[in-house]
S.K.: 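To start, I am sharing the structure in question, which I have written as structure tokens.
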Amino acid sequence: MLVLTPHRLLRCYASGRFPMADGRDDPTVYLVDPEVRGIIPLDRFHVPRRLARTIRKGGFEITVDRDFRAVIEACAEATPDRPSTWLNDELIELYDALARMGHAHSIEVRRAGTLVGGLYGVALGSAFFGESMFSRERDSSKIALVELVARLRAGGFTLLDTQFVTDHLRQFGAIEIPRAAYLLRLKAAIARPATFPKDPQGYAPGLVGPGGGPAAGSRQSSSQRS
């Protein structure tokens, strides 16, 4: 039986593997090491036009690491479109521990104070491993992804690992690369330091620039809810 600790889990990520369970109530955890890996090149991230308009319209408040536990538990919830998830109790506790260690981060999207979407992932060096996202309102998880990329670019990250590529992620520029190529990128990214930007005043990097891409480095008040 696979026994993981937070430190062992970080070593798994450093070697190119990540954990999964077969369901929310399945106690078994196993490691995955796919032959083809999904990534989003940070310098080629694409924001669809309709989403860019939604972001400019505003109405959302975005925070980081304010409620990691609520985000991961929402990611583990069953929904009509996703009756089973890969997160079980053991994994939730492991990621929660990584968050307390500063190695896991969450992006929270709220409307009128209510959590409506978000994502979380693991940071190691300048590599960020996107783990899961959830959406209770249209576009809320996509807004979290745009915000994540803005922060990664601002913080000097070089690798955004999506593990797999879906049609949902392809619209943002996600691609597949062979395991060997991924491991080379991973090794270089882990060796390079980066900082996950956290703004205690509730400010967030600008989400969308004039060309529709993330304008990392600029800032916009969360009081404008965009």
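Any value given below was found using the heavy atoms of this structure, including those in side chains, with hydrogens, waters and symmetry copies removed. The shown structure was predicted, so the numbers you read here are calculated from the model rather than taken from an experiment. Along the sequence shown, residues carry numbers from 1.
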S.K.: Report whether Leu10 and Met20 are members of the same hydrophobic cluster (ILVMFWY, side-chain heavy atoms less than 4.5 Å apart, transitive linking).
M.R.: yes
S.K.: Looking at Val165, is its backbone amide N or carbonyl O close enough to the side chain of Thr162 to form a donor-acceptor pair, meaning the two atoms are under 3.5 Å apart?
M.R.: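 Between the backbone of Val165 and the side chain of Thr162 there is no qualifying donor-acceptor contact (under 3.5 Å).
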S.K.: Distance from Ile62 atom CD1 to Arg66 atom CZ, nearest 0.5 Å?
M.R.: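 Answer for the CD1-CZ pair, Ile62 versus Arg66, is 12.0 Å.
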S.K.: Would you say Phe129 ends up clustered with Leu184 if hydrophobic residues are merged whenever their side chains have heavy atoms under 4.5 Å apart, either directly or through other cluster members?
M.R.: no
S.K.: So does Arg170 have more than 12 non-hydrogen atoms from other groups sitting under 6.0 Å from CZ?
M.R.: yes
S.K.: Main chain of Tyr182, side chain of Arg37: is a donor-acceptor contact present, judged purely on distance under 3.5 Å?
M.R.: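 A pair under 3.5 Å: no.
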S.K.: For Glu73, give me all partners under side chain to side chain donor-acceptor pair (under 3.5 Å), at least two apart in sequence or on another chain.
M.R.: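 In terms of side chain to side chain donor-acceptor pair (under 3.5 Å), with neighbours along the sequence ignored, Glu73 is linked to Arg69.
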S.K.: Going by an N to O cut-off under 4.0 Å, is there a salt bridge joining Arg110 and Glu137?
M.R.: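 Here Arg110 does not pair with Glu137 in a salt bridge, since their nearest N and O are not under 4.0 Å apart.
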S.K.: Can you check whether Met101 reaches Pro6 side chain to side chain, under 4.5 Å on heavy atoms?
M.R.: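 Yes; the side chains approach each other to less than 4.5 Å.
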S.K.: Are Val36 and Leu31 co-members of a hydrophobic cluster defined by side-chain heavy atoms under 4.5 Å apart?
M.R.: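 Leu31 and Val36: separate clusters.
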S.K.: Between atom CD1 of Ile40 and atom CD1 of Ile175, what is the distance when rounded to the nearest 0.5 Å?
M.R.: 10.0 Å
S.K.: Compare all side-chain heavy atoms of Phe128 with those of Leu159 and state whether any distance is below 4.5 angstrom.
M.R.: no
S.K.: Using the side-chain contact (heavy atoms from CB on, under 4.5 Å) definition, which of the options Leu87, Leu119, Thr85 pairs with Cys75?
M.R.: Leu87
S.K.: Tell me which donor-acceptor pairs under 3.5 Å the side chains of residues 185-196 have, and how far apart each pair is, sequence neighbours excluded?
M.R.:
none

S.K.: Could you check if a side-chain atom of Val116 sits within less than 4.5 angstrom of a side-chain atom of Phe60, using non-hydrogen atoms only?
M.R.: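 The answer is yes, as the side chains (C-beta and beyond) meet within the 4.5 Å cut-off.
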S.K.: Can you tell me how far the OG atom of Ser140 sits from the CG atom of Leu145, to the nearest 0.5 Å?
M.R.: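 One gets 12.0 Å once the value is rounded to the nearest 0.5 Å.
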S.K.: Do Pro19 and Tyr95 come close enough that some side-chain heavy atom pair is under 4.5 Å?
M.R.: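 SC-SC contact between Pro19 and Tyr95 confirmed.
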S.K.: Quick check: closest heavy atoms across Gln171 and Pro48, and the distance to 0.1 Å?
M.R.: OE1-CG, 3.6 Å
S.K.: When you look at Asp43 and Arg153, which way does the salt bridge (charged side-chain N to carboxylate O under 4.0 Å, His left out) test go after all the steps?
M.R.: CA-CA 8 Å; Asp43 59 349; Arg153 290 174 56 169; over 6 Å; no
S.K.: Got Trp86 and Asp22 here, is their nearest side-chain heavy-atom distance under 4.5 Å?
M.R.: no
S.K.: Is there a donor-acceptor contact under 3.5 Å from the side chain of Arg111 to the main chain of Glu61?
M.R.: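 Flag not set: sc Arg111 to bb Glu61 has no pair under 3.5 Å.
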S.K.: Using side chain to side chain contact (heavy atoms under 4.5 Å, CB included) as the criterion, list what pairs up with Arg50, not counting sequence neighbours.
M.R.: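 So Arg50 forms a side chain to side chain contact (heavy atoms under 4.5 Å, CB included) with Arg53, Thr54, Arg138, Asp139, Lys142.
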S.K.: Would you call His103 and Leu124 a side-chain contact if the rule is heavy atoms closer than 4.5 Å?
M.R.: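 With C-beta onward as the side chain, the pair touches.
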S.K.: Please give me the minimum heavy-atom distance between Asp26 and Asn88, naming the atom from each residue.
M.R.: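 For Asp26 and Asn88, the tightest heavy-atom pair comes out as O-ND2, 2.8 Å.
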S.K.: For Ser141, what residues pass the side chain to side chain donor-acceptor pair (under 3.5 Å) criterion, not counting sequence neighbours?
M.R.: none
S.K.: Which atom pair, heavy atoms only, marks the closest approach of Arg17 to Asp33?
M.R.: CG-CB, 3.8 Å
S.K.: State the CD1-CG distance between Ile39 and Leu160, to the nearest 0.5 angstrom.
M.R.: 8.5 Å
S.K.: To the nearest 0.5 Å, what is the distance between CD1 on Ile72 and CD on Glu77?
M.R.: 12.0 Å
S.K.: Considering all heavy atoms of both residues, which atom of Leu183 and which atom of Gly16 are nearest to each other, and what is their separation?
M.R.: CD2-CA, 4.0 Å
S.K.: Are Leu115 and Ile92 co-members of a hydrophobic cluster defined by side-chain heavy atoms under 4.5 Å apart?
M.R.: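 Same cluster.
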S.K.: Can you measure from CG (Leu91) to CZ (Phe18) and round to the nearest 0.5 angstrom?
M.R.: 11.5 Å
S.K.: Who passes side chain to side chain donor-acceptor pair (under 3.5 Å) against Ser126, sequence neighbours left out?
M.R.: Thr158
S.K.: Please determine, by modelled atom types, if Asp161 and Tyr13 share a side-chain donor-acceptor pair under 3.5 angstrom.
M.R.: no
S.K.: What's the shortest heavy-atom distance between Val64 and Glu108, and which atoms?
M.R.: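 That would be N-OE1, 3.5 Å.
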S.K.: Test of understanding: with ring-ring contact (aromatic ring centres under 6.0 Å, His included), list the residues that count as partners of Phe172, not counting sequence neighbours.
M.R.: Phe45, His168
